[in-house]
Amino acid sequence: MNPLETAREQLYAAQKIARIHPDIFERLLSPDRVIEVSVPVRMDTGKTKVFTGFRSQWNDSAGPYKGGIRFHPGVTREEVMALSAWMTWKTAVLGLPLGGGKGGVSVDVKTFSDRELEALSRAYMRSIAAFVGKNKDIPAPDVSTDPRVMGWMLDEYEILIGEKAPGVITGKPLSIGGSLVRDYATAQGAFFVLENAAQKLHLPDRARVAIQGFGNGGSHLARLLHESGYRVVAISDSQSTVYREEGLDVGEIETHKRATGSLKKCMGCESLPSEALLAVPCDILVPAALEGAISEKNVKEIQAKLIVEVANGPVTSEADALLFERGVVVVPDILANAGGVTVSYFEQVQNAMNAYWTESEIHQRLKEKMQAAFEVVWASHEKYNTTLRMGAYVVALERVALAMQARGRV
Ligand code: NAD
């Protein structure tokens, strides 16, 4: 199944419970529009290459479209569409006054020089500039795009329109209107919902956590959990798993990984194959690496009682059903990793005020938003005796439907 088919299948499943107006449901199965653009880049060789880019705008009934831009060879029209649908449900679950969008360019930037990357970023922004804006559609970073790329894109946009417009894009460097906490917002948000879920399940103090993936999401979350007294017993990357029953010293693991580029040969820890992470004895499992990491093939090995999806789509639908049967609670991606878009929203709010919050103010606001969303989703899953994922989808569908109805879009 391609991601778009998966996204639609999830909606059909949620509609069986939510039963929103069928005409509204019909409209929510497709994006409002998908823009396809040619992105010409003069390469360092002097030759021009033309790449294909997209921006999918799924739904803007609750507010401007919002979603990242990825630079990756695997970017397709269908993928960008599906990701824009998921952004719509994510912003709805968090109750943000935003819709859902996503963009991307099908390109392998690994071999690009800095100059080529800047040219690509500026060319992509020029090609979609007519369709974005602080009250229209607000992009952000995603795979292979970062604050530096956002800075170039903002600059290009402001040159085109002839005035400052920091709210057109989020995930910017702090020096040009970025927000504190944005760099670890996804992990911080996941931490808050993990704490709520652990309480609901009465998990023990110093609960054992295994984290798959030690990139932006996984490494910040490992640090936050370690600092709060959780026992992070295992961490993996694409090469290996590092395991210690009494708990890892996350700071030391970070230093080791930075110094050697690997998790292997950490002092006092067991080294296991990468895929062994899913089977280690633990209370909480955090997939923070890949789509489809937990499938029918390996779901039986899982010992955790709670799974918190920091990655997008790490549990296949088949595995999800088996976990539900076994009573394993899965906090779905559209809730668990929504800290990033929530702080993106805070960034926009600060840009609009032209005044900036402290780190602790942002923590407090993020905690309130994540916890409120968690409680609403938990109540929905109890009410309908379904998974937290379906509980979250039902909340999202109902909220988007209300906004559609309020606009007379029936
Ligand atoms: P990243 O590229 O920084 O890190 C990915 C990590 O996964 C790396 O440590 C890599 O070694 C590891 N990995 C790759 N293959 C693996 C495998 N087979 N087994 C174990 N580990 C493996 O990426 P990221 O930004 O941390 O994103 C990870 C996931 O979280 C993605 O699904 C992404 O869409 C999702 N996500 C991230 C953010 C964010 O703000 N970073 C926000 C929302 C969702």
Side-chain angles (χ1 to χ4, degrees), residues 3 66-72 74-75 79-80 82-84 86-87 89-91 93-94 100 102 104 109-110 140-147 150 170-171 178-179 181-191 193 210-224 234-243 250 253-254 256-258 260-264 271-280 285-295 297-298 301 307-316 331-345 347 366 370:
K66 180 89 192 92
I69 296 164
R70 60 174 58 174
F71 289 164
H72 193 271
V75 165
E79 184 194 57
V80 171
L83 290 164
S84 71
W86 287 320
M87 284 306 298
W89 320 135
K90 201 180 285 192
T91 53
V93 167
L94 266 292
K102 200 82 179 192
V109 288
K110 275 199 206 108
D142 194 67
V143 177
S144 297
T145 55
D146 58 11
M150 298 303 109
T170 59
S179 176
V181 185
R182 182 63 187 83
D183 48 345
Y184 62 93
T186 301
Q188 189 67 58
F191 173 80
V193 295
I211 302 179
Q212 182 190 48
F214 202 51
N216 181 292
S219 66
H220 284 300
L221 184 57
R223 174 181 54 78
L224 292 168
I235 295 175
S236 69
D237 64 10
S238 55
Q239 307 292 314
S240 63
T241 294
V242 60
Y243 177 72
V250 174
I253 305 284
E254 267 180 331
H256 181 85
K257 168 98 188 184
R258 217 175 301 123
T260 66
S262 156
L263 292 174
K264 287 180 187 154
S271 188
L272 304 169
S274 180
E275 58 280 8
L277 180 117
L278 296 178
V280 302
L285 175 64
V286 180
L290 299 174
E291 263 174 47
I294 300 172
S295 67
K297 282 187 206 140
N298 54 24
E301 298 167 14
I307 297 179
V308 179
E309 294 186 340
V310 167
N312 281 313
V315 179
T316 65
V331 184
D333 45 9
I334 57 170
L335 170 61
N337 70 28
V341 70
T342 304
V343 175
S344 267
Y345 162 64
E347 183 173 332
L366 180 61
M370 297 302 301

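Whatever order the structure lists ligands and atoms in, that order sets their numbers, starting from 1. Being a predicted model, the structure only gives us computed values, none of them experimental.
- Qualifying ring-ring contact (aromatic ring centres under 6.0 Å, His included) partners for His220, counting only residues two or more places apart in sequence or in other chains: Tyr184.
- Listed by chain and residue number, Glu79, Asp142 satisfy the salt bridge (charged side-chain N to carboxylate O under 4.0 Å, His left out) test with Arg70 (two or more places apart in sequence, or in another chain).
- Sequence neighbours left out, the pairs with a member in residues 332-341 that pass salt bridge (charged side-chain N to carboxylate O under 4.0 Å, His left out) are Asp333-Arg389.
- Results of the side-chain contact (heavy atoms from CB on, under 4.5 Å) test with Val310 over Val286, Ile211, Val331 single out Val286 as the only residue that passes.
- The main-chain N or O of Ile69 is found under 3.5 Å from a side-chain atom of Thr145 such that the two form a donor-acceptor pair.
- Side chain of Gln239 to backbone of Leu263: no donor-acceptor contact under 3.5 angstrom is found.
- Each of Thr186, Gln212, Gly213, Phe214, Gly215, Asn216, Gly217, Ser236, Asp237, Ser238, Ser274, Ala288, Ala289, Leu290, Val310, Ala311, Asn312, Asn337 has a non-hydrogen atom positioned under 4.0 Å from some atom of ligand 1.
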